[in-house]
2 protein chains.
Amino acid sequence: MSESDDSAVTEPSLPAPGEDVARGTGVALWKQIAERIEAEILDGRLAAGVRLPTEMELSERFGVNRHTLRRALAELAEKRLIEATPGRGTFVREPPIRYPIGPRTRFSEIVAREGRAPSGRLTGSRIEPASAEIAAALGLAPGTEVLRVDIVREADGVPLNIGSHWYEAARCRDLDLLVAATGSVTRALETLGLGDYRRLETRITARPADEEERRELSLPAGRTVLVVDAINGDAQRRPIQYSRARFAADRVQLVVKN
Amino acid sequence: MSESDDSAVTEPSLPAPGEDVARGTGVALWKQIAERIEAEILDGRLAAGVRLPTEMELSERFGVNRHTLRRALAELAEKRLIEATPGRGTFVREPPIRYPIGPRTRFSEIVAREGRAPSGRLTGSRIEPASAEIAAALGLAPGTEVLRVDIVREADGVPLNIGSHWYEAARCRDLDLLVAATGSVTRALETLGLGDYRRLETRITARPADEEERRELSLPAGRTVLVVDAINGDAQRRPIQYSRARFAADRVQLVVKN
DNA sequence: GTGCATTTGTGCGTATGTATA
DNA sequence: ATATACATACGCACAAATGCA
């Protein structure tokens, strides 16, 4: 949610007052309005984060009843182009970051390529016994000691995902310290000579965000997280890392090229 | 939700009455209980769909307070192994279907390979003008006529996803009738000589299910859908179909092999 | 529909052990 | 050694959702 406050709409574009909409054309008024606003959002005349004029003001400018205007806004909200909050107003949504899933999936590279500034902060790390799931993925005996590293990763300061990474403890001495120092799992692994890992398999599910996830990702209640589990391996495709990233679902779009 | 009714727990296994839990061992009681039930679920002694005994009964059998037992159940619910509904009881969850995303992604093949019976029913079809998004994906001018086909697809009778498919209308005469007749988009396309389509790109997002989706997928309120948009092309990688599938998120796990 | 029993969900109060400052 | 905080465990009570007569 970019806080654009007042700076938002200096030149609101949209309809000049009195510039009405075409009646009796067989196209519903709400649809004409929705298409008109959608066009302005898509070609950037209405930038992401901008606050739209109030429903009252818009309905007057388009010369329709507020109900009619709300039908148009509902259409745009359905398409995830705008987002309304009672008491605050209606805002143009940030477009989701396209996040490619491929053999070389690197958070910072992906975010940078989208023109955003990647960052990350360590939220915890510890040694724990491998769960059945993680042991199976890494080809270890269940209960083997694994190092777990948790980080929150952000783009332009807004949290994008919570990442948990599990490594066979024996292979990764002091990885956690390196991650803390560099803020990047990628760089820390490079230092340990494991920089050339590649994505072997990705598993994707989704569910409502729990309380911790809402807090870490600053999500309002009812939002959903994309749970992306990944097995990463070395050059010989031997698994060396299992990771679980929980993305704020409305801030990303996972892309698979085939 | 498989309706297992009474046939469920003939031999409930779990703890025999009086068989208590180890106190004062440094391992929390709830953790011992959770691990014990998890083991029974994982090795199949507690089958998917089975209803667990009530919390009162379980707490008595384990010899702990109901709160303590509930802490154990919460752990298992967090791991998505069980699911509780007020008034109904607590059930062992069906494991999600692994749904591979690849160049040859076919619903019926995938479901059949998971040992389930695939089926589908047409819910609507019509000609409509291409939206900006669909036109861009198919390489058409916006507003070009496209054929839209909507189907609900199920595995063993439980709905898995709602699929909408858009085809350039000119290339697909009477495709809708064929889909209605065969119940399979794949087969209908084969009849038209377009059976060899392949997945070019897949885009994945997630959000709470809306009312229509909850109805079509028989989901309770608050559940989430995985929205999987795909561009499918012919042998020359020319786009011929755009599709949007909305999956019941807790019934599938999308898998990407790299 | 109405009422009732069953079952899960939630809140409050209390006590105890354990780790930390 | 003392104080504080936290997780664990128990007891009682009631709310909310479901299913059934």
Side-chain angles (χ1 to χ4, degrees), chain A residues 122-129 131 145 148 150 164 176 180 207-216 220-224, chain B residues 1-41 46-94 157-159 208-209 211 213-215 217-224 248 250-251:
Chain A
L122 189 78
T123 56
S125 75
R126 62 176 175 282
I127 304 275
E128 64 183 25
S131 71
E145 293 212 319
R148 170 182 176 160
D150 290 349
S164 300
D176 48 342
R207 55 174 171 73
D210 66 27
E211 202 174 330
E212 183 211 349
E213 289 155 355
R214 292 211 309 272
R215 183 164 26 80
E216 300 272 26
R223 294 309 166 83
T224 110
Chain B
M1 306 300 110
S2 70
E3 303 304 358
S4 27
D5 290 312
D6 283 73
S7 65
V9 193
T10 48
E11 187 51 57
S13 75
L14 288 171
E19 178 186 350
D20 283 11
V21 84
R23 306 180 102 93
T25 59
V27 182
L29 298 184
W30 65 262
K31 200 157 198 177
Q32 297 181 46
I33 296 171
E35 279 166 3
R36 169 125 182 220
I37 299 179
E38 176 174 1
E40 300 216 4
I41 294 175
L46 279 171
V50 162
R51 198 192 117 174
L52 296 183
T54 68
E55 296 177 350
M56 267 301 290
E57 190 173 342
L58 278 176
S59 60
E60 280 170 17
R61 286 210 221 160
F62 279 109
V64 299
N65 187 276
R66 190 171 146 237
H67 281 304
T68 310
L69 181 102
R70 280 179 57 77
R71 179 69 184 81
L73 294 189
E75 181 78 5
L76 297 176
E78 175 74 20
K79 287 190 178 180
R80 318 263 135 187
L81 289 170
I82 62 173
E83 181 166 22
T85 317
R88 294 213 323 132
T90 306
F91 299 83
V92 179
R93 285 192 43 156
E94 309 281 345
V158 292
E211 203 174 331
E213 289 154 355
R214 292 210 308 272
R215 184 165 26 80
L217 298 170
S218 40
L219 287 175
R223 293 311 166 83
T224 109
D250 47 10
R251 306 212 254 263

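Since this is a predicted model, take the numbers as computed values, not measurements. Each chain gets a letter, A, B and so on, in the order the sequences are listed, and its residues count up from 1.
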request  = Determine, stepwise, if the pair K31(B) / E35(B) fulfils salt bridge (charged side-chain N to carboxylate O under 4.0 Å, His left out).
outcome  = CA-CA 6 Å; K31(B) 200 157 198 177; E35(B) 279 166 3; 5.3 Å; no

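- For the pair M56(B) CE and dG9(C) C1', the interatomic distance rounds to 15 Å; values are reported in whole Å.
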Output a table of donor-acceptor pairs, distance under 3.5 Å, between side-chain atoms of residues 68-82 of chain B and any protein atom two or more places apart or on a different chain; print 'none' if there are none.
residue, atom, partner, partner atom, Å
R70(B), NH1, E55(B), OE1, 3.3
R70(B), NH1, E55(B), OE2, 2.8
K79(B), NZ, E38(B), OE1, 3.0

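- K31(B) places its NZ atom 13 Å from the P atom of dA7(D), with the value rounded to the nearest Å.
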Taking only N/O atoms, report every protein-nucleotides 11-18 of chain D pair under 3.5 Å with atom names and distance.
residue, atom, partner, partner atom, Å
dG11(D), O6, H67(B), NE2, 2.7
dC12(D), N4, H67(B), NE2, 3.2
dT18(D), O4', P86(B), O, 3.4

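- The main-chain N or O of D150(A) is found under 3.5 Å from a side-chain atom of T123(A) such that the two form a donor-acceptor pair.
- Remark: side-chain polar atoms of E213(A) are paired, donor with acceptor, to backbone N or O of D210(A) under 3.5 angstrom.
- R71(B) places its CZ atom 13 Å from the C1' atom of dC6(D), with the value rounded to the nearest Å.
- To the nearest 0.5 Å, atoms OG1 (T85(B)) and CZ (R51(B)) are separated by 10.5 Å.
- Rounded to an integer number of Å, the gap from CZ of F62(B) to P of dC10(D) is 13 Å.
- Atom-to-atom, CG of L73(B) to C1' of dT8(C) comes out at 10 Å; the value is rounded to the nearest Å.
- Judged by Watson-Crick or G-U wobble contacts below 3.5 Å, the nucleotide dG1(C) has no partner.
- To the nearest 0.5 Å, atoms CG (D250(B)) and CG (L219(B)) are separated by 6.5 Å.
- A 6.0 Å sphere centred on CD of E211(B) holds no more than 12 heavy atoms belonging to other residues, nucleotides or ligands.
- Between T90(B) and dT8(C) there is a side-chain polar atom (N or O) within less than 4.0 angstrom of OP1 or OP2.
- Closest heavy-atom contact between R214(B) and G222(B): CD-N, 4.4 Å.
- Note that the CG atom of L52(B) and the CD atom of E83(B) stand 12.0 Å from one another [nearest 0.5 Å].
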Pull out every protein N or O sitting under 3.5 Å from an N or O of nucleotides 2-5 of chain C, one pair per line with the distance.
none

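- Taking atom CZ on F91(B) and atom P on dT7(C), their separation rounds to 11 Å, with Å as the unit.
- For R51(B) and dT6(C), the CZ to P distance is 12 Å, given to the nearest whole Å.
- With rounding to whole Å, E55(B) atom CD is found 12 Å from dT10(C) atom C1'.
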